[in-house]
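Here is the structure we will look at, set down as structure tokens.
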Amino acid sequence: MSTNIGVILKDVLDMKIEELPGGVPQPEPDQVCLSMGPVGICGSDVHYWQTGRIGDFIVKAPMVLGHESAGTVCAIGGDVKHLQVGDRVAVEPGYPCYTCSACLGGRYNLCPDMKFCATPPYDGSLCQYYCHKAAFCFKLPDHVSLDEGALLEPLSVAVHACQRGKLSFGQKVLVCGAGPIGLVNMMVAKAGGASVTITDISESRLAKAKEMGADAIFHVTNRDSRETAEEIVNLSGYSDLTIECTGVESSIGTGLWATKPGGSYVQVGYGKAEVNFPIVAVGIREIDIYGIFRYANCYPKALALVASGAVNVKSLITHRFPLKDALKAFELTKAGTGVKVIIDCDN
Ligand code: NAD
Ligand code: 572
Ligand code: ZN
């Protein structure tokens with residue numbers, strides 16, 4: 001086959017499913033070419049489609065969407081040793097320069113030269129054929145599905161968040177927000193021996209969280225962040241670790257007020273660039289606040305969690321569509337009806 005159909009964002013609100021220029025790509029010496037399987041839709045894909053930008057990242061030229069993906073190796077570059085044609089792999093979507101101080105210090109997610117799928121100006125992997133650095137493709141064991149491989153991406157965000165927050169056995173964890181990212185954080189925290197209370201403003205998202213094993217759910221209805229925190233503390237006590245997965249100002253306040261003195265707070269959600277938050281409470285309680293920017297060295301750990309059965313990421317998937325119906329998949333994700341929506345690029 002010589003054509004390569006993909007989902008390309010041509011301009012704000014102008015997404016097309018069409019043949020990509022250049023046809024089927026040839027791998028560079030350190031790359032593999034993948035016949036793509038499932039690709040999950042992330043909130044950032046929808047955001048670029050709807051607004052053409054996230055913060056300082058602005059779509060200035062047509063860009064292929066998608067960064068939660070897995071596929072099967074169909075060609076390998078001359079220098080690639082650890083993969084062969086036919087291997088099924090999960091794609092870690094960003095690759096760094098490996099020469100800067102962030103990379104050399106082991107925090108390659110902070111590399112200023114990171115090339116990350118579907119973050120402008122770099123194309124994503126929501127297409128039939130896609131080339132990627134082989135070192136960032138992780139071979140899946142036979143019993144791990146391509147769907148699970150694709151979901152290692154959001155799962156890696158959670159592995160990174162729980163590691164940064166120094167999650168440990170027996171802790172009480174509060175997860176704010178029960179979207180896909182809140183849910184993966186809940187799963188990783190539970191796999192790490194924590195009990196988890198999870199919040200949302202949406203009852204359907206909380207019902208999903210309960211079905212997936214939340215120890216307690218809390219429906220946020222009150223706009224006052226401190227009062228909401230008091231209600232959460234009445235339900236399940238102060239949290240040792242809070243993982244905020246909405247980026248919403250009131251939820252940030254609630255998360256901080258509900259964290260115990262000496263506890264930790266991890267900011268995963270990205271919302272407004274600047275917010276008001278109870279900084280004196282943070283000081284008086286000596287709360288450790290951690291920022292999160294994607295992940296580094298987390299794919300192997302996320303894969304181990306899935307391969308061992310410690311987490312069940314498949315339960316996140318609520319809908320799937322063939323590539324030709326990608327627009328429907330995006331519309332459904334935008335509406336917030338589902339949790340994780342998958343597009344099958346091989347269908
Ligand atoms: P999502 O929009 O699907 O989920 C967010 C959830 O928060 C929704 O279910 C929503 O109903 C809920 N919510 C809104 N206001 C709330 C409130 N006041 N209290 C409680 N819940 C509330 O998004 P997602 O895909 O789950 O991603 C969550 C966040 O994580 C986003 O801000 C995203 O940008 C961010 N993110 C950050 C990183 C990172 O590297 N730090 C990586 C991936 C995603
Ligand atoms: O899975 C990676 C990912 N990262 C998100 C959001 C969704 N998915 N982050 C929030 C937005 N930032 S960003 O710096 N950006 C668009 C590059 O604002 C990245 C992390
Ligand atoms: Zn994402």
Side-chain angles (χ1 to χ4, degrees), residues 39-48 51-59 63 65-69 91-94 109-110 112 114-122 124-125 150-161 164 174-186 197-209 217-225 228-229 231-232 242-255 258 266-273 275 290-296 298-299 302 316 318 333-341:
V39 180
I41 302 179
C42 171
S44 69
D45 296 313
V46 176
H47 207 82
Y48 281 124
T51 68
R53 67 183 297 165
I54 301 181
D56 293 339
F57 291 88
I58 301 167
V59 181
M63 178 179 84
L65 292 168
H67 62 264
E68 299 178 356
S69 61
V91 179
E92 178 174 343
N109 55 324
L110 305 180
M114 176 67 89
K115 295 173 176 55
F116 198 93
C117 287
T119 295
Y122 304 105
S125 51
L151 294 174
L152 295 188
E153 204 284 331
L155 189 61
S156 294
V157 174
V159 168
H160 187 57
R164 294 263 297 150
L174 173 64
V175 174
C176 302
I181 294 294
L183 292 172
V184 285
N185 274 283
M186 177 186 86
T197 299
I198 189 163
T199 73
D200 209 289
I201 54 173
S202 152
E203 299 209 65
S204 64
R205 291 229 152 154
L206 288 173
K208 181 77 178 175
I217 55 174
F218 183 87
H219 186 213
V220 175
T221 49
N222 188 339
R223 290 294 109 197
D224 185 273
S225 61
T228 303
E231 291 166 19
I232 293 169
T242 297
I243 308 176
E244 207 293 323
C245 301
T246 75
V248 172
E249 184 167 288
S250 57
S251 176
I252 293 167
T254 294
V266 181
Q267 187 60 46
V268 179
Y270 280 55
K272 280 195 297 181
V275 296
Y290 297 92
I292 296 298
F293 190 65
R294 302 172 178 147
Y295 39 74
C298 292
Y299 259 66
L316 289 169
T318 51
T333 310
K334 189 182 88 170
T337 319
V339 177
K340 185 52 68 182
V341 181

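Counting convention: from 1, in listed order, for ligands and their atoms alike.
Heavy-atom contacts of F293 reach the following atoms of ligand 1: 40 (O) (cutoff under 4.0 Å). Close approach to G269 involves these atoms of ligand 1, each under 4.0 Å from a residue heavy atom: 29 (C), 30 (O), 32 (O), 35 (C). Counting atoms of ligand 1 from 1 in the listed order, those under 4.0 Å from a heavy atom of T199 are 20 (C). If you number the atoms of ligand 2 from 1 as listed, the ones under 4.0 Å from a heavy atom of C42 come out as 7 (C), 8 (N).
By the criterion of a heavy-atom distance under 4.0 Å, both the backbone and the side chain of P180 are placed next to ligand 1. Under 4.0 angstrom from ligand 2, there are no non-hydrogen atoms of E68.
For atom 15 (N) of ligand 2, the closest non-hydrogen atom of the protein is F57 CD1, 3.7 Å.
Here's the thing with C176: none of its N/O atoms is less than 3.5 angstrom from an N/O atom of ligand 1. Any N or O atom pair closer than 3.5 Å counts here, and H67 shares at least one such pair with ligand 2. At least one N/O-N/O distance between Y270 and ligand 1 falls below 3.5 Å.
Checking atom 5 (C) of ligand 2 against the protein gives no heavy-atom contact under 4.0 Å. For atom 23 (O) of ligand 1, no protein non-hydrogen atom is found at a distance below 4.0 Å.
Ranked by closest heavy atom to atom 19 (C) of ligand 2, the top entry among Y48, F293, F116 is F293.
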